[in-house]
Amino acid sequence: MKAAMKKAYLWLIFLFLYAPILVLVLFSFNASKSRASWEGFSLKWYIELFQDRAIMTALGNTVLIAVVSALAAAVVGTIAAIGIYNLKGWRKNFIINVTYLPILNPDIVTGISMMILFIALSFPRGLTSLIIAHITFGLPYVVISVLPKLAQLDPQIFDAALDLGATPREAYTKVILPQILPGVFTGFLLAFTMSVDDFVVSFFVTGNGVENLAISIYSMARRGINPKINAVLTLLFAAVIAMMYLIQRRLRKSTADI
Amino acid sequence: MRRNWSLYPYILWMVLFTIVPILLVLYYSLLADGGGFSLTLSHYARVFEPLYLAVIWRSILLALVSTVICLLLGYPVAMILAASPAKQQFSLIVLFVVPMWMNFLARTYAWMSLLETNGIINTVLGFFGIEPLSMLYTSGAVVLGMVYNYLPFMVFPIFTVLRKLDPSLLEAAEDLGANPLKTFMKVIFPLSLPGVLSGITMVFMPAVTTFVISQLLGGGQFTLIGNLIQQQYLRTYDWGFGSSLSIILMVIILLSMGLISRSNAYEEGGIL
């Protein structure tokens, strides 16, 4: 009896979590614009979606920003993590705390502070400012993913490589990097996902009519409900599930390695 | 390993794009209106005008109500998850995480179409002869949106703590004659407090700073701090006031995070 009640409670919570998403996905295939009655299966909204120049541009921007910013964050973040790992004492603590700052700071403050910076520097707001902002909030995720990998390394391994005749550059690229690569990849995927998911920071940092998907969804949603939004969100959801599946598999593989 | 040339690009980046922007916000929050470089606290004083205090109070109230609801709904979920057999546990957690992979805007937008007057809930109610309710653009809708978006942030930290709870403690409590309620009140709950605390912060923080949920589900009738800040920058161009609000928000949040992480220092972080 008690077990049944627990199970029922859990499924009720799952119903609460999933019902809105299922409805959203379902109605992306609805033949009519109605949000309440099902008028038959249709791919009409998907076709309209692909013909919508503005949404397609926004989709392209989202992917471009995510790829470029996650790659840049992965490179800079990995090099930074090696540097942080080699630090000692208060300096290490201080830099780690600063690293956490963009994660802890409210999104809206991060967005506004960067907007003010770009305006103060009269830096044109658009694709470049978006990429800079996304690198900034992606970096901590890379650093945090790579640091534990470095901590797992044998502390002697770098010196061993040097003793065996490797140059420092070779020691980094041929010995250290392959070992921390899973962490780098996890960090890259996290930064990529955060970038695709971000709305608040992008909203403030963009300008000149450059939109990513989240911004166009927001402006469409403010005007009311539109089945095209359902279609694009369904596609996005499918993509994120595929993405996270990759991360999980990576994480499980890397924990199995230990 | 070698000297730390490797840190310079990162430090440069963080200074330029994290620290300088925050200092700029601080600067604008202190800069007097009307040109020149004289500093003033007048923007901070405005925050304490009754109109704006009401907004802050409303934000805190709605965020608090959502946090309490998340705790009441989430604690049992965490307990059930922690007590379930290891094999099921993983799939249950995955089931719990997947909705969070839907874009945050999407999850909020999904509720718009459920709650609206011609939406599904009212259509279903209509079958039973119930008059359509106006649910969208109410404070209830805003709270619902917060609970829906942030519930997992409450469940995971509590779950992480409960899972590590030593079962022999529960047996000991039982052996010493405590009934289940007493075991919960005197053993389980006190031991899970670190998880509860981080759950509360992780829900309260984004809830108190949101401007999206209140705009989409509250229809702009429920101005929260986030909306107020957004308006200062994008509509009234009152940077001084917007900046002072941002600084106050940031200080409150970093302070509370600092307190929580100190009291949680021995605890590992939750699930990302």
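Here is the naming used below: chain letters follow the sequence lines, and residue numbers restart at 1 for every chain. Excluded from the calculations below are hydrogen atoms, water molecules and symmetry mates; all remaining heavy atoms, backbone and side chain alike, are included. Since this is a predicted model, take the numbers as computed values, not measurements.
- Between the N212(A) side chain and the S202(A) main chain, no donor and acceptor come within less than 3.5 Å of each other.
- Checked against the 6.0 Å centroid threshold, F211(B) and F203(A) count as a close aromatic pair.
- T193(A) does not touch chain B: none of its heavy atoms, backbone or side chain, sits under 4.5 Å away.
- Interface check for chain A: of the options Y109(B), F104(B), F17(B), the most heavy-atom pairs under 4.5 Å are formed by Y109(B).
- For the pair F153(B) and T201(B), the minimum side-chain heavy-atom distance is 4.5 Å or more.
- Between F158(A) and Y172(A), the angle of the ring planes lies from 30° to 60°, which puts this pair in the tilted group.
- If you measure heavy-atom distances from Y9(A) to chain B, the contacts under 4.5 Å come from the side chain alone.
- Contact annotation for F199(A): only side-chain heavy atoms (C-beta onward) come within less than 4.5 Å of a heavy atom of chain B.
- Under the 3.5 Å distance criterion, the side-chain polar atoms of Q231(B) are left unmatched by any main-chain donor or acceptor of L228(B).
- In terms of heavy-atom pairs under 4.5 Å with chain A, the best-connected choice from V20(B), L73(B), L26(B) is L73(B).
- A side-chain donor-acceptor contact under 3.5 Å links N230(A) to the backbone of L24(A).
- If you measure heavy-atom distances from I13(A) to chain B, the contacts under 4.5 Å come from the side chain alone.
- For chain B, the nearby parts of I116(A) are the backbone and the side chain; heavy atoms of each come within less than 4.5 Å.
- Of the atoms belonging to M112(B), heavy atoms from both backbone and side chain fall under 4.5 Å from chain A.
- Residue I22(B) touches chain A through both its backbone and its side chain, counting heavy-atom pairs closer than 4.5 Å.
- Chain A forms more heavy-atom pairs under 4.5 Å with one residue of V25(B), L24(B), T18(B), L95(B) than with any other, namely L95(B).
- Rounding to the nearest 0.5 Å gives a distance of 11.5 Å between CG of N226(A) and OG of S113(B).
- A donor-acceptor pair under 3.5 Å is absent between the side-chain atoms of T209(B) and the main chain of G226(B), judged by distance alone.
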Check your understanding: Should Y10(B) and W13(B) be marked as a ring-ring contact (aromatic ring centres under 6.0 Å, His included) after you check the CA-CA gap, both sets of side-chain angles, and the distance that decides it?
Key -> CA-CA 5 Å; Y10(B) 180 66; W13(B) 190 279; 9.4 Å; no
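- Counting heavy-atom pairs closer than 4.5 Å to chain A, the top-ranked of the candidates W111(B), F96(B), Y148(B), Y28(B) is Y148(B).
- Between the side chain of S59(B) and the backbone N or O of I225(B), at least one donor-acceptor pair lies under 3.5 Å.
- Of the two parts of I79(A), the backbone and the side chain both hold a non-hydrogen atom closer than 4.5 Å to a non-hydrogen atom of chain B.
- Proximity to chain B (any heavy atom under 4.5 Å) is restricted, for I119(A), to the side chain, taken from C-beta onward.
- The choice from T99(A), V232(A), N97(A), L162(A) that makes the most heavy-atom pairs within less than 4.5 Å of chain B is T99(A).
- Looking at Y27(B), there are no atoms closer than 4.5 Å to chain A (heavy atoms on both sides), in backbone or side chain.
- Between atom CG of residue L87(A) and atom CD1 of residue I96(A) there is a gap of 8.5 Å, rounded to the nearest 0.5 Å.
- In terms of heavy-atom pairs under 4.5 angstrom with chain B, the leader among L139(A), I217(A), V76(A), D198(A) is L139(A).
- Your options are A19(A), P106(A), A120(A), G77(A), and the one with the most heavy-atom pairs under 4.5 Å with chain B is P106(A).
- Of the atoms belonging to V143(A), it is side-chain heavy atoms, and not backbone ones, that fall under 4.5 Å from chain B.
- The contact between F27(A) and chain B is made entirely by side chain atoms (from C-beta outward), counting heavy-atom distances below 4.5 Å.
- Comparing I11(B), I19(B), L92(B), L23(B) by heavy-atom pairs within less than 4.5 Å of chain A, the highest count is held by L92(B).
- Taking chain B as the reference chain and counting heavy-atom pairs below 4.5 Å, the highest number among I229(A), L101(A), V200(A) is found for I229(A).
- Of all residues in residues 75-84 of chain B, those placing a non-hydrogen atom less than 4.5 angstrom from a non-hydrogen atom of chain A are P76(B), V77(B), I80(B).
- Judged by distance alone, the side chain of D159(A) and the main-chain N or O of Q156(A) form no donor-acceptor pair under 3.5 Å.
- Contact tally against chain A (heavy-atom pairs below 4.5 Å) for I229(B), I247(B), L245(B): the top residue is I229(B).
- Only the side chain of L151(B) comes within contact range of chain A, with at least one heavy atom under 4.5 Å from a heavy atom of that chain.
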task = Begin with the C-alpha distance, continue with both residues' side-chain angles, and end with the deciding distance and a verdict on side-chain hydrogen bond (donor to acceptor under 3.5 Å, both in side chains) for H43(B) and S29(B).
result = CA-CA 6 Å; H43(B) 301 304; S29(B) 76; over 6 Å; no
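- In this structure, the portions of I132(A) lying under 4.5 Å from any heavy atom of chain B include both its backbone and its side chain.
- At least one donor-acceptor pair under 3.5 Å links the side chain of S28(A) to the backbone N or O of V25(A).
- Using a 4.5 Å cut-off between heavy atoms, Q215(B) touches chain A through its side chain atoms alone.
- Ring centroids of Y18(A) and F237(A) are separated by 6.0 Å or more, keeping the two rings apart.
- Of the possible donor and acceptor atoms, none in the side chain of S195(A) sits under 3.5 Å from a partner among the backbone N and O of A191(A).
- Side chain of D238(B) to backbone of Q232(B): no donor-acceptor contact under 3.5 angstrom is found.
- Between chain B and the residues I135(A), L213(A), T110(A), I95(A), the largest count of heavy-atom pairs under 4.5 Å involves I135(A).
- Options V98(A), L236(A), I112(A) differ in how many heavy-atom pairs under 4.5 Å they form with chain B, and the most are formed by I112(A).
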